[in-house]
Amino acid sequence: MRYLTAGESHGPALTAILEGLPANLPLDADRVNLELARRQQGYGRGGRMRIEKDKVEFLSGIRFGQTLGSPMTMQIKNRDFENWRDRMAAHGEPPADIEMVTRPRPGHADLAGAQKYNLTDIRNVLERASARETAARVAVGAVAKQLLAVFGIHVASHVVSIGEVASGHVDATVIAANLAAVDASPVRCLDEAAAAAMMARIDRAKEEGDSLGGVFEIIITGVPVGLGSHVHWDRKLDAMLARALMSIQAIKGVEVGGGFALAALPGSLVHDEIGYRDKEGYSRLTNRAGGIEGGISNGEPLVLRAAMKPIPTLYKPLQSVDMADHQPFAAAVERSDACAVPAAAIVGEAVVAWEVACALQEKLGGDSLEEMKAHFAVYQEMLHTR
Ligand code: EPS
């Protein structure tokens, strides 16, 4: 399975094309819209989210609520396009009073993008580099989640830290079982004291014209043994998941299971001991591996974390150089999010859901949902004989 997204932040719409989905998968548009709404939440979001109310439209690949096996097109309109019609017009001349963006923001794709693509107006870079694109990826992930749910696989997430404010430890299984409570927190954090401190920290960053990053955790339960493979680098499940998470705007690091902390421990305190029970089969007594050994899912929940850097669009100006005259400047912006870590966690759920769905589809094969289900049943039986 594969997908592409297209669309500029202030263009008419975002589009995603998904290919390789099995036929006969029931798809509920409301569940896609629910995921889109989850991404729009979060303490610290800026003015743009008051304009947008993301809704999906299916343009192909589905009939009477079920996939056809043909490429699926999804579209999310940008309401803000109404305010940008002239400046983002597909044809004609630019309006006489158009303001070119020539001042690159440190930390954004602005300068490197303009240099690479030989563009004089940085808007031609930032429109696509914008995290607006993640709305399309959340729609894609919402489809993947509906496929995964058929096989009892569920994806959850929560925010572990914002700036220097960290949540107390909450077990991954508690998060997976209490996703509605996580969603009810404006910072998507179950530790109420930490959540209050995170919001206070975001308020302070806003007052100071600054922005904040943080860390979120993704938990996927119900993943069967055997997704991904040890045989090739690009089939390793942890590699697929890390790449997907790193591809989210502003993500600078990914951990699997115990992650970086494991490097400081001896092996005897790291590796998960193996147990066996007659009816349930094999298990791990701990899950420091984050559910993946040798690039293969081992039947334990997948646990991944991603670190998001602070958003580079700041009210507090940083030193940069104008591309029009190479003169230094330090200018403020008009509109930005102070913190988008809670939203990024939803995007993380989506991209990970897609990768797990791809690995499941590769494991089971099949052009229809019925075929996938039949292969799944055979595989489950085989596992019980090992
Ligand atoms: C973004 C800048 C802001 C964010 C945007 C990402 O948009 P604008 O430039 O229109 O104020 O709100 O995020 C979204 C629109 C979204 O849907 O997440 C950026 O520069 O990356």
Side-chain angles (χ1 to χ4, degrees), residues 5-16 32-56 74-88 99-101 103-114 121-142 157 188 202 205-206 209-214 216 247-252 308-318 320 331-351:
T5 73
E8 276 69 42
S9 180
H10 304 99
L14 299 164
T15 309
V32 180
N33 289 329
L34 193 82
E35 295 293 337
L36 291 173
R38 288 176 79 219
R39 193 199 68 96
Q40 290 201 266
Q41 305 301 310
Y43 202 78
R45 295 284 257 155
R48 177 77 184 270
M49 285 305 102
R50 286 194 286 277
I51 299 174
E52 303 299 341
K53 196 160 187 343
D54 295 336
K55 287 263 178 291
V56 70
M74 290 190 288
Q75 180 175 276
I76 302 157
K77 290 213 168 86
N78 290 323
R79 283 190 172 190
D80 208 12
F81 178 60
E82 285 310 318
N83 307 315
W84 288 81
R85 267 186 187 283
D86 298 350
R87 287 170 292 169
M88 290 299 290
E99 272 181 43
M100 283 220 301
V101 183
R103 296 178 154 192
R105 291 160 294 175
H108 220 280
D110 295 352
L111 181 55
D121 188 351
I122 291 172
R123 176 153 303 286
N124 294 336
V125 178
L126 70 85
E127 282 291 333
R128 182 64 185 156
S130 166
R132 176 76 190 137
E133 184 262 348
T134 62
R137 283 200 270 175
V138 166
V140 170
S157 71
R188 310 201 65 252
I202 292 169
K206 263 192 204 159
D210 223 325
S211 59
L212 288 172
F216 61 83
S247 78
I248 300 170
Q249 288 80 340
I251 299 303
K252 299 304 275 185
M308 183 185 201
K309 71 178 179 181
I311 283 169
T313 311
L314 302 182
Y315 291 91
K316 186 179 190 165
L318 288 181
S320 181
V333 299
E334 284 153 32
R335 186 172 76 181
S336 173
D337 302 334
C339 178
V341 179
I346 306 299
V347 182
E349 285 184 20
V351 299

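Counting starts at 1 for both ligands and their atoms, following the listed order.
Residue contacts with ligand 1, taken as heavy atom pairs separated by less than 4.0 Å, involve Arg45 solely via side-chain atoms from C-beta onward. When non-hydrogen atoms are compared, ligand 1 lies under 4.0 Å from the side chain of His108 (C-beta onward) but not from its backbone. Residue-level proximity to ligand 1 for Met49 is carried by the side chain, the only part with a heavy atom below 4.0 angstrom. Here Ile311 has no heavy atoms under 4.0 Å from ligand 1, in either its backbone or its side chain.
The 12-atom threshold is not exceeded at CZ of Arg50, counting heavy atoms of other residues, nucleotides or ligands nearer than 6.0 Å.
In summary, the side chains of Ser336 and Arg48 do not present any donor paired with an acceptor at a separation below 3.5 Å, with no hydrogens or angles considered. Between the side chains of His10 and Arg85, not a single donor N or O lies within less than 3.5 Å of an accepting N or O.
Regarding atom 15 (C) of ligand 1, its nearest protein heavy-atom neighbour is Arg132 CD, 3.2 Å. Given atom 19 (C) of ligand 1, the protein heavy atom at minimum distance is Ser130 OG, 3.5 Å.
Comment: Arg123 does not engage Glu99 in a salt bridge, judged by the lack of any side-chain N to carboxylate O separation of less than 4.0 angstrom. Between Glu127 and Arg132 there is no salt bridge, since no side-chain nitrogen of the basic residue lies less than 4.0 Å from a carboxylate oxygen of the acidic one.
Put simply, atom 3 (C) of ligand 1 has no protein non-hydrogen atoms near it, under 4.0 Å away.
Residue contacts with ligand 1 include Arg39, since one of its heavy atoms falls under 4.0 Å from the ligand.
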